[in-house]
Amino acid sequence: MPEIPKTYEPQAIEEKWYAEWLEKGFFTANPHSTKEPYSIVIPPPNVTGVLTLGHVLNNTIQDILARRARMLGREVLWLPGTDHAGIATQNVVEKSLRKAGTMKHRDDLGREKLVEKIWEWKEEYGGKILKQLRALGASCDWSRTRFTMDPEYSVCVQRVFVDLYKKGLIYRGKRMVNWCPVALTALSDEEVIMKPTNGFLTYFKVEVVESPGTFLTIATTRPETIPGDTAIAVNPNDPRYAHLIGKHVRRPLPLENQAAIPIVAEESIDIAFGTGVLKVTPAHDKADFEIGQRHQLESIEVIDPRGVMDALAGGDLEGLDRFEARKKVVEMLGEMGSLEKEDPYQNNVGYSERADVVVEPRLSEQWFLKYPSVEQARRCVEQPEIRQTEERVPDGKPLGAHSLAGKLGLQPAPSTQVSLTDLLSNVNEKECKMHFYPVRWAKVYDHWLGGLQDWCISRQLWWGHRIPVWYHQETGEVYCGLEAPGDGSDAVNKSQESPWKQDPDVLDTWFSSWLWPFATMGWPEKTPELAKFYPTTDLVTGPDIIFFWVARMIMAGYEWMGEMPFKNVYFTGIIRDKQGRKMSKSLGNSPDPLDIIAQYGADALRFGVMRSAPLGADILFDEKNVELGRNFCTKLWNAARFRQMYEGAGSEIEGEINPTLLTSDDRWILLRLDVAIREVSTALDEYRFSDAANALYRFFWSEYCDWYLEASKAALGRVPLPTEVPMSAAEVAAAYPLRANTLAVIDFILAHTLRLFHPFLPFITEELWESLGFRDDLPARQGGDTIMFAHWPKPFEEDFKQHYGLTSEAEKAANAKYDTVLAGRNLRSTYNIPSNKRVRFVLQPTGDLLPHDAEVLKILLNAEALDIAADYAAPQGTPTNLTPLGHLYLPLEGLIDLDAERERLSKEIAKVTDELAKVRAKLANPGFAEKVPAAVFDEHRQRERNWQEKLGQLQKLLANLS
RNA sequence: GCGCGGUUAGCUCAGUGGUAGAGCACUACACUGACACUGUAGGGGUCGACAGUUCAAACCUGUCACCGCGCACCA
């Protein structure tokens with residue numbers, strides 16, 4: 001097997017393994033496999049996208065899930081792809097074409113040409129992000145890469161449109177829509193972001209036509225729309241104005257047409273706001289439009305699609321931008337003497353999500369969709385109340401598993417915490433539930449579904465799925481279908497232009513994205529992929545697209561597949577910089593993940609990000625975390641090198657461990673491994689990735705390296721072996737059985753930890769899996785050719801533990817030893833013994849001590865010698881600490897600083913006295929003894945005795961000093 | 001206005017009733033034969049405030065304050 005180089009150089013290793021994985025087809029899903037399926041569809045990034053830290057977070061999580069699923073023996077499909085992202089992509093390409101001088105305006109090229117150019121751009125530059133994902137180690141099945149405008153995918157989109165049209169859920173209508181004056185298209189409500197915006201509340205007065213000399217004052221934030229006003233509205237219950245209803249006022253603008261407009265009654269008017277008088281502009285305000293409908297008011301459009309005032313706004317305003325016009329109108333009102341005042345005012349204004357400009361409500365002809373399968377979508381997501389594991393009953397005691405199990409007629413497993421979720425999973429109702437992580441998003445989801453407005457699905461763009469509707473130019477007939485309709489005459493007459501013209505609009509990008517989980521798998525055919533992998537298992541995405549995408553996918557899933565599209569949805573947090581600010585290009589706080597990978601390695605980035613990504617919280621990205629990941633990889637690397645210094649690496653695993661030769665250190669680390677396996681598995685089952693990463697970090701670094709490897713040096717002895725003649729591994733094993741057994745334990749630990757780490761650190765674990773020889777003796781697809789399919793470690797069985805003596809006594813024995821070490825090291829530093837000075841310790845043992853354990857103590861204490869002397873008579877003032885194994889002395893032969901020792905002891909006594917007082921106060925509390933559970937009571941009594949004993953000894957020591 | 005999340009060490013965060021924890025940062029010592037991308041030891045917190053429940057509260061209940069987010073919206 002290859003020797004492990006001194007330093008870990010991730011770049012070469014990562015490239016090598018990724019190429020190998022691809023070549024061997026390890027990522028390719030087999031829909032005909034008999035293995036249980038696991039599937040996940042990537043949230044398709046924009047085809048124009050480049051990798052950001054947000055993607056790193058999201059896709060690392062998906063990769064961890066996919067890799068672990070493979071190790072659990074599942075047939076894994078992780079399906080990648082990109083989204084055509086209508087507005088964004090058209091913008092990007094138009095910009096580059098303008099820059100290249102190919103065109104000034106899209107009309108220069110025309111629709112067909114521009115779309116062609118966008119396709120060209122897509123083929124050449126699009127999907128860059130997917131290549132970047134490979135650098136991260138993403139184990140996607142690239143053979144199944146999809147694009148939302150693939151021909152087959154487009155057919156799905158059209159089919160769905162036609163289907164909904166036939167079901168009567170799609171209609172066309174002239175409605176108030178959110179209009180983006182930059183993108184020149186309608187937007188859905190979800191694409192409008194409300195932002196508090198500073199402006200003015202302008203007060204101006206108008207004269208009542210029927211009562212000259214009577215004026216009404218109106219407060220408005222949008223004076224530029226005055227020329228479009230066709231009424232004034234007041235609340236009929238407002239005594240100030242009720243008598244004026246039915247009369248008219250003179251509209252001040254445009255000057256050319258100061259029409260008399262009616263005063264109408266509207267219950268919805270807030271009497272307390274402004275002056276209680278509302279100007280009504282049906283053409284440029286959603287609420288005003290509705291008032292207009294109720295009172296059959298005229299609609300006067302005074303702002304054109306670009307946000308520029310038109311002719312109807314009057315000669316003074318025509319051609320002005322709407323915001324310039326706003327200033328101009330105020331000026332004009334002032335000149336007329338109509339302006340009363342302008343108050344600074346902050347209100348919420350809608351902005352276009354993409355272009356970040358103020359959206360203009362505008363009346364226009366659009367296609368709308370009444371959402372399908374809403375009730376199913378709403379019912380299928382598990383709500384937080386159900387997830388609650390404890391319900392309180394009046395006496396304050398948790399309603400535990402037993403009573404609940406009783407209700408459900410189930411027997412809980414003894415001594416294990418049974419959650420309500422587990423119990424309910426046995427109940428039918430529960431079977432069909434989809435789980436959100438964190439569950440609180442389910443409430444947000446439900447709330448949105450409860451107040452759905454029809455979805456405006458048409459966009460006035462060129463890049464996207466064309467609406468499959470044709471209008472007959474002569475008859476006005478409307479046709480909706482997959483193919484353009486024939487004109488009824490014979491097709492021979494090809495040169496003649498068809499009288500059918502297709503609707504020029506394209507569909508909202510999300511109208512294709514919502515089909516992603518099944519359109520990517522070949523729907524509407526009954527493909528093996530759909531049969532095997534739908535519904536998908538997990539979806540990993542950001543909560544910001546819960547309405548845009550997640551909710552709509554769920555509805556689409558029910559509507560066309562009759563089933564939920566995924567079983568679990570994991571919502572990541574948002575990646576922020578270390579000051580908590582959002583990553584943004586303008587702030588320059590958004591590092592390029594590829595730079596980070598080049599500097600630290602992909603594994604380091606993955607581990608660093610995952611370690612700081614708790615479920616449901618935002619992630620503050622700090623390069624320090626990546627550094628920590630890199631350091632950890634180095635640690636792993638060196639721990640493997642340590643193993644390789646000794647003979648026979650990799651050739652003896654599991655079965656080779658001889659239980660009779662196990663030391664307490666061996667038993668201890670095996671027990672810690674068992675705990676780590678359980679913790680990591682449970683954490684991953686519950687999508688607590690940072691907990692899993694932390695548990696692994698702690699186990700490998702703090703337990704395995706810091707304690708076990710150091711202790712193992714006692715059993716391993718020196719390298720090279722103290723023999724002249726070279727020996728084979730088997731001969732060494734025969735000659736040094738303890739050493740061989742320790743190496744077997746090390747191999748066992750490494751073989752398990754590499755597998756536990758693989759989902760997080762795919763590259764370095766694969767490299768070491770090979771270097772340490774763990775491939776040998778394993779069947780090809782179970783770790784023999786790659787760690788990717790090695791079995792995920794299982795917690796130890798009881799009989800395994802019994803066989804190897806993995807008992808709590810063994811653990812206690814090791815812990816006693818380690819506590820003794822800590823006490824000794826503490827003595828060293830208290831007396832300022834330099835770390836490299838080897839000193840002599842004396843232990844006055846309270847019980848038996850194995851020679852091997854004494855050797856371990858000596859090594860861990862970095863002692864020159866450790867004397868075991870039951871009858872040791874310590875010279876006066878010899879520094880000592882009470883340890884679980886007895887008194888440990890640090891004889892310093894006359895070098896003792898009595899004052900320092902006195903001070904140390906006094907400090908210690910103060911601490912112990914304090915603790916003793918605390919526990920005594922509790923015990924003295926009336927009611928404590930009666931009400932507290934026996935175990936807790938005993939534990940407190942024991943604690944009291946321990947502190948008491950320790951205090952006595954400390955006091956004795958202090959007394960000996962004087 | 002309604003809803004959700006948060007407030008624990010200098011920083012980022014674990015911790016769902018019984019002796020306050022981790023990582024980073026900081027201090028001291030040491031380049032000891034896997035590792036200075038390291039090791040060892042150490043300092044540092046009245047757990048946002050107030051009140052309540054309890055033998056016992058960081059944890060449960062209530063009120064408030066501040067921070068963040070979502071939804072709705074009155075011009």
Side-chain angles (χ1 to χ4, degrees), chain A residues 4 6-8 194 201 218-222 225 233 268-281 285 287-288 345 347-348 384 389-390 392 396 398 438 440-441 443-444 447-448 451 543-544 546-547 574 578-580 600 604 611-612 614 616-620 622 624-625 627-645 690-691 694 697-698 702 705-706 709-710 713 718-719 822 825-830 832-838 860 862 915 918-919 921-933 935-937 939-940 943 946-947:
Chain A
I4 302 173
K6 178 141 172 70
T7 52
Y8 167 55
M194 300 305 278
L201 197 53
I218 304 170
T220 181
T221 53
R222 303 209 54 195
T225 61
S268 62
I269 303 294
D270 181 353
I271 294 171
F273 185 88
T275 58
V277 185
L278 173 76
K279 69 192 241 343
V280 182
T281 327
D285 185 279
D288 290 6
Y345 184 68
N347 64 339
N348 270 336
T389 51
E390 284 182 357
R392 302 255 149 210
R440 69 186 140 87
W441 291 111
K443 267 185 104 162
V444 177
H447 183 250
W448 185 76
D544 48 332
I546 189 167
F547 311 138
I574 297 167
K578 60 180 163 187
Q579 281 127 45
Y600 299 98
R611 226 184 123 268
S612 55
D618 285 353
I619 291 98
L620 271 55
D622 186 344
K624 285 261 179 233
N625 288 322
E627 233 174 83
L628 179 134
R630 189 262 324 258
N631 294 353
F632 185 78
C633 288
T634 307
K635 191 75 178 178
L636 191 57
W637 188 259
N638 284 308
R641 289 181 62 230
F642 176 79
R643 169 62 187 94
Q644 219 181 33
M645 292 187 335
S690 62
D691 290 342
N694 277 319
Y697 184 93
R698 187 214 59 228
S702 311
C705 290
D706 287 352
L709 274 193
E710 292 307 316
K713 287 171 183 173
R718 298 241 166 174
V719 193
L822 288 176
R825 286 171 177 172
N826 176 276
L827 280 178
R828 279 186 83 113
S829 72
T830 305
N832 293 323
I833 314 290
S835 312
N836 59 345
K837 186 162 168 78
R838 315 198 72 193
L860 292 179
N862 191 25
E915 293 297 339
K918 266 200 257 178
V919 72
K922 273 188 141 180
L923 285 164
N925 202 323
F928 182 81
E930 301 122 61
K931 299 194 180 175
V932 94
V936 174
F937 183 78
E939 190 257 326
H940 277 75
R943 207 190 298 166
N946 289 347
W947 289 127

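We name chains A, B, ... by the order of the sequence lines, and we start the count at 1 in each one. Everything numeric here is computed off the predicted structure, so don't read it as measured data.
No hydrogens or angles were tested; on distance alone, nothing pairs the side chain of A:K443 with the base of B:C4 as donor and acceptor under 3.5 Å. On a pure distance criterion of 3.5 Å, no polar donor-acceptor pair joins the side chain of A:R440 and the base of B:C4.
Considering only side-chain N and O atoms, A:K713 lies nowhere under 4.0 angstrom from the phosphate OP1 or OP2 of B:U32. Between A:N836 and B:C29 there is no side-chain N or O to OP1 or OP2 distance below 4.0 Å. Taking 4.0 angstrom as the limit, A:K6 places a side-chain polar atom (N or O) nearer than this to OP1 or OP2 of B:C35. Distances shorter than 4.0 Å separate none of the side-chain N or O atoms of A:N638 from OP1 or OP2 on B:U38. A:K918 has a side-chain polar atom (N or O) that falls below the 4.0 Å cut-off from OP1 or OP2 of B:A20. Taking only side-chain nitrogens and oxygens, A:N347 never comes nearer than 4.0 Å to OP1 or OP2 of B:C73. Between A:Y345 and B:A75, a side-chain N or O to OP1/OP2 separation shorter than 4.0 Å is present.
For A:Y697, the ring-ring contact (aromatic ring centres under 6.0 Å, His included) partners are A:F632, A:W701, not counting sequence neighbours. Every residue was checked against the side chain to side chain donor-acceptor pair (under 3.5 Å) condition with A:E627, not counting sequence neighbours, and none meets it. With sequence neighbours left out, the salt bridge (charged side-chain N to carboxylate O under 4.0 Å, His left out) criterion links A:R943 to A:E939. Every side chain to side chain contact (heavy atoms under 4.5 Å, CB included) that A:S612 has, sequence neighbours left out, goes to A:I619, A:N625. The side chain to side chain contact (heavy atoms under 4.5 Å, CB included) test applied to A:D544 returns no partner, not counting sequence neighbours. Take A:N946 and apply the side chain to side chain contact (heavy atoms under 4.5 Å, CB included) test, not counting sequence neighbours, and it matches A:Q942. A:D285 meets the side chain to side chain contact (heavy atoms under 4.5 Å, CB included) test with A:A287, A:D288; sequence neighbours excluded. Residues forming a salt bridge (charged side-chain N to carboxylate O under 4.0 Å, His left out) with A:D618 (at least two apart in sequence, or on another chain): A:R576. In terms of the salt bridge (charged side-chain N to carboxylate O under 4.0 Å, His left out) criterion, residue partners of A:R698 (sequence neighbours excluded) are, by chain and number, A:E679, A:E703.
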Would you list the protein and nucleotides 43-46 of chain B atom pairs, both N or O, that sit under 3.5 Å from each other?
none

Every protein N/O within reach of nucleotides 21-26 of chain B N/O, cut-off under 3.5 Å:
unit_1: B:G23; atom_1: O4'; unit_2: A:R611; atom_2: NH2; d: 3.3

Taking only N/O atoms, report every protein-nucleotides 66-70 of chain B pair under 3.5 Å with atom names and distance.
none

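Within 4.0 Å (heavy atoms only), A:E710 reaches at least one base atom of the nucleic acid. Within the 4.0 angstrom heavy-atom criterion, no nucleotide atom of any strand lies near A:F937. Here A:C633 lies out of heavy-atom contact (under 4.0 Å) with every strand.
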